Amino acid sequence: MAIQDALVDLFARAARAAAPEFGLDPDQLPQPDLDRPRVKEHGDWSTNLALVLAPKAKRSPRQVAEAIVANLPTDGVIAKAEVAGPGFVNVFLRHTWLADTLAEILQQGDDYGRWRKTGRKVQVEYVSANPTGPLHIGHARNAALGDAIANVQEAVGNDVQREYYYNDAGRQMELFGRSVETRLLHRHGKEAKLPEDGYAGDYIKDVAAAVDATLDPRALDLPEAERWQAVLHAAVPIMLDMIETTLERFGVRFDSYFSERTLHESGEIDQAIAKMRQAGYVYDADGAVWFASTKFGDDKDRVLIRSSGQPTYFAADCAYVIDKFGRGFDHLIYVWGADHHGDVVRVKGAAEALGFDPARTEMVLYQFVAFRRGGQPVQMSKRTGQLLTLDELIDEVGADAARYTLLTRSADSAMEFDIDEVKRQTMENPVYYVQYAHARVASLLRRAEQQGVDRPHWREVDLGLLEHGSEHELIRTLAEFPDIVEMAARGHAPHRLTKYAEGVAAAFHRFYADCRVITEDANLTHARLWLSAATKQVVGSALALIGVSAPESMERIGGVDQEAADGSG
RNA sequence: GCCCUCGUAGCUCAGCGGAUAGAGCACCGCCCUCCGGAGGCGGUGGCGCAGGUUCGAGUCCUGCCGAGGGCGCCA
């Protein structure tokens with residue numbers, strides 16, 4: 001059992017035992033919160049339980065704390081318990097808990113940090129860019145965030161499905177189809193003009209070339225109204241392939257790609273509207289069909305079917321909700337840019353109007369990224385004539401550095417991403433700092449092996465020999481991992497993992513500087529090798545959750561050569 | 001005008017209502033006989049403003065100021 005669980009249990013028992021003294025119902029006590037104090041004078045762990053209980057107990061917090069302390073057994077893992085400050089209970093543990101914790105981490109191996117299966121089915125829908133062009137930097141944060149959220153959901157035991165929803169109906173798709181059609185005609189030496197507001201990027205020519213290779217040549221002889229649709233039909237899968245290839249490079253893989261068009265063709269949109277109408281949330285006005293979203297807090301009602309007879313994207317969104325829940329998901333997570341914040345109330349409202357608990361839908365919004373280069377804004381790509389593509393970003397800074405950097409900030413925070421910094425900082429960039437810690441351990445373990453150092457199974461090693469302050473601090477840090485994962489899941493905040501990984505790396509580097517691992521002392525060497533191995537495992541797991549690779553070795557670049565050059569000059 | 005998010009060190013940003021607010025970069029010192037110095041140790045420096053809730057507020061509430069985004073029968 002993890003130390004945290006043991007302590008929560010001990011605190012809860014002590015509080016239960018003390019409860020009658022204060023006229024409290026022992027079965028109505030809140031779950032104790034654990035805290036790791038920043039200063040070591042405050043012990044190894046602490047709880048604010050007495051401060052929470054005091055008002056109900058009608059006693060001073062310190063009195064309650066004294067009572068809890070009196071009921072804490074100090075013959076087990078707790079060596080000493082004391083009341084501090086306004087009424088915290090601080091406990092000092094026997095040092096054996098550190099060795100026990102390390103053993104627990106090694107015991108669980110790669111499962112350490114992963115929680116028990118919940119059986120809950122969770123869907124995460126992200127990226128969902130229209131297949132009218134390559135992914136661009138505007139999609140980067142969505143992809144990195146959505147993928148990490150999905151990973152973290154899995155880590156806390158949920159069954160996760162990753163889905164990409166694409167709009168393949170509507171005016172933008174027509175423009176896309178007609179743009180490809182134009183380029184296709186050019187390939188055949190025919191006159192054609194790009195439509196107004198059409199897609200002018202060079203990539204359209206690539207798509208046209210690919211269409212040319214697959215499309216029945218007779219399609220070009222079709223009447224104009226059918227021709228662009230035939231071209232579009234061929235172009236969408238090609239565009240999606242290109243997007244999928246980019247995502248693959250970014251380390252993102254979806255379980256399913258969902259077509260909006262299928263919602264139109266299956267009649268699910270009509271069914272959704274009928275269902276909402278039956279529930280009294282749909283009405284007709286001005287030749288259009290409306291959803292009474294104001295009943296759910298929207299500032300105006302929204303159109304479902306235009307007076308032209310065309311359903312809106314929002315109508316498809318409603319049908320999509322039914323479709324998703326129909327597939328058995330307990331919980332839906334949407335990852336949206338901040339520009340969609342207005343849609344939150346509508347889609348949740350639609351879910352409610354359709355008879356679902358809106359709390360089962362969750363929208364994670366992220367603020368925009370300002371991409372810069374040397375402080376100057378960069379948006380445009382020469383190749384596409386549009387935003388800088390995700391491929392170009394990956395080419396320039398690498399998928400690892402891009403993903404890591406995008407996940408160092410809370411989704412709520414608008415962030416700056418300086419391409420020059422993220423690639424130039426090779427020496428100081430946090431992503432390399434963390435990866436380096438992993439590679440350093442790997443190198444250390446390799447070296448031990450090369451030197452013929454035997455390494456008995458950890459069960460046969462005295463982990464209690466790890467007595468140095470930096471060793472203790474490293475183990476304490478490793479012990480936090482499961483809680484960090486849980487917090488990252490609860491708040492859809494994978495940036496906690498990047499921050500945590502930096503903390504583990506720092507604790508390791510400190511340990512490494514203070515304690516020589518491979519020495520003449522065989523027993524100590526064994527213990528330190530296992531501590532190093534546990535560190536590697538945790539760093540690797542944290543990086544895996546944010547979708548960044550954990551290298552076994554890294555090239556030496558930067559700093560050293562620079563200094564040498566300066567020194568000789 | 002209304003709605004959402006943000007305002008923390010010179011810069012970029014962390015900080016689940018808890019004790020002395022952290023990290024990276026930048027800047028100033030120090031540490032290589034030795035497992036990867038892409039490292040370690042130390043220093044300078046900060047919660048936009050005003051109220052409120054609370055035993056306790058960077059964190060919650062209200063107002064103000066400032067920044068970004070959204071308010072289409074657009075996608």
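In this text, all values refer to a predicted model and were calculated from it rather than measured experimentally. Proteins come first, then strands; the chains are lettered A, B, ... in the order of their sequence lines, and each starts at number 1.
- Residue whose closest nucleotide on RNA chain B sits further toward the 5' end, between A:D343 and A:F511: A:F511.
- Here B:rC27 sits opposite B:rG43 as a Watson-Crick or G-U wobble pair (both hydrogen-bonding atom distances under 3.5 Å).
- Base engagement by A:H42 is indicated by at least one non-hydrogen atom pair under 4.0 Å involving a base atom.
- Scanning both residues, A:V152 and A:A488, for their nearest heavy atoms gives CG1-C, 3.9 Å.
- Distance from the side chain of A:D35 is smallest for B:rC16 among the nucleotides B:rC16, B:rC13, B:rA75.
- A:S46 comes within 4.0 angstrom of a base, heavy atoms only.
- Legend: side chain to side chain donor-acceptor pair (under 3.5 Å) pairs involving residues 502-517 of chain A, not counting sequence neighbours, sorted by first then second residue: A:Y404-A:E502, A:R440-A:H509, A:S470-A:D514.
- Considering all non-hydrogen atoms of both residues, A:A437 and A:A505 come closest at CB-CB, 3.7 Å.
- At a cut-off of 3.5 angstrom, counting only N and O atoms as typed in the model, there is no donor on one side facing an acceptor on the other between the side-chain of A:T408 and the base of B:rC13.
- One N or O donor and one acceptor, one from the side chain of A:H341 and one from the base of B:rG69, sit under 3.5 Å apart.
- Rounded to whole Å, the C1' atom of B:rG52 lies 15 Å from the corresponding atom of B:rU59.
- Nearest nucleotide to the A:P37 side chain, out of B:rC13, B:rA19, B:rC16: B:rA19.
- When the P atom is compared between B:rA26 and B:rC61, the two are found 37 Å apart, to the nearest whole Å.
- At the phosphate of B:rC2, neither OP1 nor OP2 sits under 4.0 Å from any side-chain N or O atom of A:K300.
- A stacking contact between A:H340 and B:rG70 is absent: the pair does not combine a ring-centre distance of less than 5.5 Å to the base's six-membered ring with planes differing by less than 30°.
- Counting only N and O atoms by type, the side chains of A:T525 and A:T519 include a donor and acceptor under 3.5 Å apart.
- Along RNA chain B, the nucleotide nearest A:V303 and the nucleotide nearest A:V39 are compared for position; the residue whose nucleotide lies closer to the 5' end is A:V39.
- Using a 4.0 Å cut-off, some side-chain N or O of A:R306 falls inside it from OP1 or OP2 of B:rA75.
- Nearest nucleotide to the side chain of A:D339, out of B:rA75, B:rU12, B:rG70: B:rG70.
- Backbone-only contact: A:R447 has heavy atoms under 4.0 Å from sugar-phosphate atoms and none from a base.
- In this entry B:rU33 has no Watson-Crick or G-U wobble partner, no candidate having both defining distances under 3.5 Å.
- A salt bridge does not link A:E66 with A:R59: every distance from a Lys NZ or Arg NE/NH1/NH2 to an Asp or Glu carboxylate oxygen is 4.0 Å or more.
- For the pair A:A144 and A:R403, the tightest heavy-atom approach, listed with the atom from each and the gap, is O-NH2, 4.1 Å.
- In this structure, A:S413 reaches the B:rA14 phosphate: one of its side-chain N or O atoms is under 4.0 Å from OP1 or OP2.
- One can find a donor-acceptor pair under 3.5 Å joining the base of B:rG18 and the side-chain atoms of A:N48.
- Rounded to whole Å, the P atom of B:rU5 lies 11 Å from the corresponding atom of B:rU62.
- B:rC32 has its base syn relative to the sugar, with a glycosidic angle deviating from 0 by at most 90°.
- Among the heavy atoms of the strands lying under 4.0 Å from A:P86 is at least one base atom, whether or not backbone atoms are also near.
- Heavy atoms of A:R510 sit under 4.0 angstrom from primed sugar atoms or phosphate atoms, though from no base atom.
- Using a 4.0 Å heavy-atom distance criterion, A:A288 is classed as a base contact.
- Comparing the P positions of B:rG18 and B:rA57 gives a spacing of 11 Å, expressed to the nearest Å.
- Under the side chain to side chain donor-acceptor pair (under 3.5 Å) criterion, the residue pairs touching residues 485-495 of chain A are A:E362-A:H492, A:E486-A:R490, with sequence neighbours excluded.
- Between A:F371 and A:F417, the angle of the ring planes lies from 30° to 60°, which puts this pair in the tilted group.
- In this structure, A:R455 is positioned above the aromatic face of A:W530, its NZ or CZ under 6.0 Å from the six-membered ring centre and within 45° of the axis.
- Between A:R38 and B:rA19 there is a side-chain polar atom (N or O) within less than 4.0 angstrom of OP1 or OP2.
- Residue-level contact check: A:N130 touches the backbone only, with heavy atoms under 4.0 Å from sugar-phosphate atoms and none from bases.
- Rounded to the nearest Å, the gap between the C1' atom of B:rU12 and that of B:rA67 is 16 Å.
- Among the protein residues, A:T519 comes within range of no part of the nucleic acid, since none of its heavy atoms lies under 4.0 Å from any strand.
- Here A:T312 lies out of heavy-atom contact (under 4.0 Å) with every strand.
- B:rA75 and B:rG70: their C1' atoms are spaced 14 Å apart (whole Å).
- Residue A:D286 is classed as a base contact, given a heavy-atom separation below 4.0 Å to a base.
- For A:W290, counting side-chain heavy atoms from C-beta on, the closest listed nucleotide (B:rA14, B:rG70, B:rC73) is B:rC73.
- Across all strands shown, B:rC55 is found opposite B:rG18 as a Watson-Crick or G-U wobble partner, with both distances under 3.5 Å.
- The phosphate of B:rC71 has neither OP1 nor OP2 within less than 4.0 Å of any side-chain N or O from A:R302.
- B:rG36 has no stacking from A:Y436 on its base ring, since the centres under 5.5 angstrom apart and planes within 30 degrees of parallel are not both found.
- In terms of polar N and O atoms assigned as donor or acceptor, the side chain of A:N90 comes within less than 3.5 Å of the base of B:rA19 in a complementary pairing.
- In terms of polar N and O atoms assigned as donor or acceptor, the side chain of A:H495 never comes within less than 3.5 Å of the base of B:rC13 in a complementary pairing.
- Across all strands, A:Q367 comes closer than 4.0 Å to base atoms (heavy-atom distances).
- Between B:rG24 and A:Y404, no contact under 4.0 Å exists linking OP1 or OP2 to a side-chain N or O.
- B:rG7 and B:rC65 make up a base pair, with Watson-Crick or G-U wobble contacts both under 3.5 Å.
- Comparing the P positions of B:rG58 and B:rG51 gives an interatomic distance of 14 Å, to the nearest angstrom.
- Rounded to a whole angstrom, the distance from the C1' atom of B:rG1 to that of B:rU44 is 46 Å.
- In this entry B:rG1 has B:rC71 as its Watson-Crick or G-U wobble partner, both defining distances falling under 3.5 Å.
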